[in-house]
Amino acid sequence: MNLVIPTPKEFSFKRTVLSHGWCELPPFHFDPQKWVLSRVVAVEGEAPIEVAIAQKGASIDVAISGKIGKKQSTALAQSIRYMLRLDESFNDFYALVSDDPDFSWIPAQGAGRLLRAPTVFEDLVKMICTTNCSWALTSKMVGVLVSTLGEPSKRGRRTFPTPQAMSKMPERFYRDKVGAGYRSGYLKELADMVASNEIDVEGWLKSDLPTSELKKEIKRVKGAGDYVAENILKLLGRYDGLALDSWVRGKFSKMHAKGRAVTDKKIARHYSRFGPWVGLALWCDMTRDWMGEAGTVEI
DNA sequence: GCGTCCAGGTCTACC
DNA sequence: GGTAGACCTGGACGC
């Protein structure tokens with residue numbers, strides 16, 4: 001069966017899927033030939049469901065493995081809207097950059113939506129797995145988590161593990177099997193805290209805290225420093241952090257400083273005119289060349 | 001094949 | 001508040 005989900009006028013499926021590296025990390029799978037993003041999604045009261053998401057005109061077409069009830073299909077559609085950020089308004093951001101010659105391409109291409117997982121927990125675990133290592137190691141860590149602790153769909157593909165599933169495993173598992181090294185204790189502690197309701201990471205989505213306070217809350221999680229916290233904030237819809245890492249610093253240096261080393265303060269100054277949208281403006285600038293002006297893939 | 005060096009972000013201890 | 005060293009893995013490099 002299929003679901004058809006209408007999208008906002010300025011929405012770009014391609015820019016959203018390729019907004020950052022998440023589409024390459026399980027349980028996401030991206031087929032660049034067919035332009036289909038697939039994954040297994042946990043839906044309450046059902047076995048995990050495989051979905052294949054593609055653009056169809058002004059809508060999103062979601063092919064579902066098997067049949068599901070109305071209640072489940074409503075929940076599934078909501079989950080997909082969340083991942084693709086279809087309910088988030090970028091009008092203020094687009095208005096801010098539309099007259100800027102270096103940034104007016106963003107509204108023109110419908111860029112700015114950063115793909116996210118169905119849960120904050122999944123995004124947070126993955127973000128910790130990106131720290132202080134290569135992308136290959138991140139892929140390996142996430143791949144092992146999904147393949148060993150994820151719940152299988154009827155076809156055998158797996159979800160991202162729940163906090164409870166991760167909490168049941170000893171720290172040794174993360175060290176020996178996942179290859180998480182010194183991050184093992186962080187992953188175990190995070191899973192324990194979420195599974196025991198000691199921390200409500202999903203609640204961050206509706207938090208009334210100012211961003212600076214919410215950032216402190218996120219940094220209470222061991223393994224989450226400025227980089228992790230500011231990236232998670234972006235996925236929560238708060239873009240006033242830069243989330244600088246070595247790749248961004250290097251890319252900024254090539255794009256704006258002829259390859260010379262630049263300070264973080266200089267990077268911050270470069271985008272300061274974008275105020276609360278500074279982090280999104282930076283990320284769009286850094287990833288502008290991931291696709292051509294006409295929306296063709298160039299990576 | 002083996003050993004060494006380095007990159008990557010965060011934590012802890014210390015000043 | 002700022003800084004140094006440790007943490008762990010994989011890739012690059014030299015022998």
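Below, read A as the first sequence line, B as the second, and so on, with proteins coming before strands; counting in each chain starts at 1.
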* **Ring geometry between Tyr271(A) and Phe274(A) (parallel below 30°, tilted from 30 to 60°, perpendicular above 60°)** => tilted
* Asked: What orientation do Trp290(A) and Trp283(A) show, parallel under 30°, tilted 30 to 60°, or perpendicular over 60°?
  -> perpendicular
* Asked: Quick one: do Leu86(A) and Val4(A) end up in the same hydrophobic cluster if we chain Ile, Leu, Val, Met, Phe, Trp and Tyr together by side-chain heavy atoms under 4.5 Å apart?
  -> no
* **Verify same cluster id: Phe28(A), Val125(A) (apolar side-chain graph, 4.5 Å)** => yes
* To do: Could you check which residues of residues 169-190 of chain A get a heavy atom under 4.0 Å from DNA chain C? Sort them by number, please.
  => Arg175(A), Gly179(A), Gly181(A), Tyr182(A)
Verify the distance criterion only: is there a donor paired with an acceptor across the side chains of [X] and [Y] at less than 3.5 Å?
X         : Y         : answer
Glu50(A)  : Ser153(A) : yes
Asp87(A)  : Tyr82(A)  : no
Asp285(A) : His256(A) : yes
Trp22(A)  : Asp123(A) : yes

Within [range]: residues closer than 4.0 Å to DNA chain B (heavy atoms):
range                       : value
residues 120-141 of chain A : Thr131(A), Asn132(A), Cys133(A)
residues 236-267 of chain A : Asp245(A), Ser246(A)
residues 216-226 of chain A : Val221(A), Lys222(A), Gly223(A), Ala224(A), Gly225(A), Asp226(A)

Nucleotide N/O of nucleotides 2-6 of chain C paired with protein N/O under 3.5 Å:
none

* Asked: Among all residues two or more places apart in sequence or in another chain, which pass the ring-ring contact (aromatic ring centres under 6.0 Å, His included) test with His29(A)?
  -> none
* Partner of Trp277(A) by ring-ring contact (aromatic ring centres under 6.0 Å, His included), out of Phe103(A), Tyr94(A), Tyr239(A) -> Tyr239(A)
* Check salt bridge (Lys or Arg N to Asp or Glu O under 4.0 Å) between Lys215(A) and all other residues, then give those that pass, not counting sequence neighbours. => Asp226(A), Glu230(A)
* Which residues satisfy the salt bridge (Lys or Arg N to Asp or Glu O under 4.0 Å) test with Asp176(A), sequence neighbours excluded? -> Arg172(A)
* **Partner set under side-chain contact (heavy atoms from CB on, under 4.5 Å) for Ala136(A), not counting sequence neighbours** => Ser134(A)
* Residues in side-chain contact (heavy atoms from CB on, under 4.5 Å) contact with Lys265(A), at least two apart in sequence or another chain -> Thr263(A), Arg269(A)
For the student: nearest non-hydrogen atoms of [X] and [Y], plus distance:
X         : Y         : answer
Trp204(A) : Leu236(A) : CB-CD1, 3.8 Å
Gly179(A) : Leu137(A) : O-CD1, 4.0 Å
Pro6(A)   : Ser59(A)  : CA-OG, 3.8 Å
Val62(A)  : Ile80(A)  : CG1-CD1, 3.5 Å

* Between atom CG of Asp192(A) and atom CD of Glu198(A), what is the distance when rounded to the nearest 0.5 Å? -> 9.0 Å
* How far does CD of Gln109(A) sit from OG of Ser12(A), to the nearest 0.5 angstrom? -> 7.0 Å
* **5'-to-3' dot-bracket of DNA chain B (Watson-Crick, G-U; under 3.5 angstrom; crossing pairs as [ ]; | other strand)** => |||||||||||||||
* On DNA chain B, reading 5' to 3', which nucleotide is the first and which the last to sit with an atom under 4.0 Å from a heavy atom of chain A, could you check? => dG8(B) to dT12(B)
